[in-house]
Each structure stands twice: as C-alpha cells, then as structure tokens.
K.L.:
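First, the structure itself, so that you have it in front of you.
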Amino acid sequence: MRYSDAELSEFKDLILKKAEQAKKELTYLQGLITRKDEMGGDENENRYMTMEDGSMSMEREQLAQMASRQINYIDHLEKALMRIENKTYGICRVTGKLIDKARLRAVPHATLSIEAKQMMNK
C-alpha cells in the first residue's frame, strides 16, 4: 500500500517548491544576522552597553532561532524527498497506513497520520 508514481510526483513538486521558498527565507535571515553583526561594532571598544545594544542582541538571537528552525524544516523536506525516491513517502511510521493526502499537502514532511499523532499526544 503506497501512493502511485503520479501522486508521488505531485508531492515531490510541492516539496521542491516549499524547499526553494524555505532556502530563500533562510538566506534572507542569514543576511539579517550578518547585518546585525556588522552593526554591532568592534567588541574590543571600550564603551558602555546601551539599551539599544541589548535590543540588537535580542533581535540577533531571535533571528538565529528562526534560521535554526528553517534549517530544521529544510532538513525535514529533504528527508521527505528521499522517502519519495524510496517510494515510502506518505506511509505512517507508526500505523503503516497511508497518511491522508490533505495532511501531506498541509505538512508535506509528515511521517505520522493524524491517528498516530493523536495516539502519541495522549
């Protein structure tokens, strides 16, 4: 029990589009982090820490967390592409049943059916 090659191809196109968008967002976030670092000035300068410096540090940390989430998301998408190549995509790793197409369209890197996800959350 698995999705047909045509269905896998449809999911592959969806995942490739999402991965491309995620990589663009990651590049943008990395650019923002770099600019924040460049704006920080020389760390060796003798200067007082201002409120603005703390704010910039917090923004940099938030951007770094967002970039880390994007990297993780891209990794999940790439693993989904491998499952498509192996023809195991869309099969729940707990129940062994096909994951609903609507779920895969919403969360293309899903490895659990709704049923399995609910069982795990109990």
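All values below come from the heavy atoms of this structure, side chains included, with hydrogens, waters and symmetry mates left out.
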K.L.:
Treating Ile, Leu, Val, Met, Phe, Trp and Tyr as nodes and any side-chain heavy-atom pair under 4.5 angstrom as an edge, say whether Tyr73 and Val107 lie in one connected cluster.
P.N.:
no

K.L.:
Return the set of residues passing salt bridge (charged side-chain N to carboxylate O under 4.0 Å, His left out) with Lys17 (not counting sequence neighbours), or none when no residue passes.
P.N.:
none

K.L.:
Yes or no on side-chain contact (heavy atoms from CB on, under 4.5 Å) for Leu112 and Val94, after CA distance, side-chain angles and deciding distance?
P.N.:
CA-CA 7 Å; Leu112 296 173; Val94 172; 3.4 Å; yes

K.L.:
Mind telling me whether Tyr89 and Phe11 have parallel, tilted or perpendicular rings, with 30° and 60° as the class edges?
P.N.:
tilted

K.L.:
Run the salt bridge (charged side-chain N to carboxylate O under 4.0 Å, His left out) check on Glu25 and Arg69 step by step: do they pass?
P.N.:
CA-CA 11 Å; Glu25 288 176 25; Arg69 283 188 203 111; over 6 Å; no

K.L.:
Apply side-chain contact (heavy atoms from CB on, under 4.5 Å) to the pair Lys117 and Ile114, showing each step before the final yes or no.
P.N.:
CA-CA 5 Å; Lys117 188 83 169 164; Ile114 295 289; 5.5 Å; no

K.L.:
Indicate the atoms forming the closest heavy-atom contact of Ile74 with Ala22, along with that distance.
P.N.:
CG1-CB, 3.6 Å

K.L.:
Can a donor-acceptor pair be found, under 3.5 Å and without considering hydrogens, that links the side chain of Arg105 to the backbone of Asp100?
P.N.:
no

K.L.:
Considering residues at least two apart in sequence or located in another chain, which fulfil the side-chain hydrogen bond (donor to acceptor under 3.5 Å, both in side chains) criterion with Lys101?
P.N.:
Glu7

K.L.:
Run Leu16 and Leu77 through side-chain contact (heavy atoms from CB on, under 4.5 Å) and show every step you take.
P.N.:
CA-CA 8 Å; Leu16 288 172; Leu77 291 173; over 6 Å; no

K.L.:
Within the structure provided, determine whether Met1 and Ile91 are in side-chain contact (heavy-atom separation under 4.5 Å).
P.N.:
no

K.L.:
For Arg83 and Thr88, which I'm curious about, is there any donor-acceptor pair between the side chains at under 3.5 Å?
P.N.:
no

K.L.:
Determine whether a donor-acceptor pair (N or O, by modelled atom type, separation under 3.5 Å) exists between the side chain of Thr27 and the backbone of Lys23.
P.N.:
yes

K.L.:
Would you confirm whether Thr34, through its side chain, and Gln30, through its main-chain N or O, come within 3.5 Å as a donor-acceptor pair?
P.N.:
yes

K.L.:
Do Leu8 and Ile99 share a hydrophobic cluster (ILVMFWY, side-chain heavy atoms under 4.5 Å, transitive)?
P.N.:
yes

K.L.:
Please name the pair of heavy atoms, one in Ser113 and one in Cys92, separated by the smallest distance, quoted to 0.1 Å.
P.N.:
N-SG, 3.4 Å

K.L.:
Apply side-chain contact (heavy atoms from CB on, under 4.5 Å) to the pair His109 and Ile15, showing each step before the final yes or no.
P.N.:
CA-CA 8 Å; His109 58 282; Ile15 292 169; over 6 Å; no

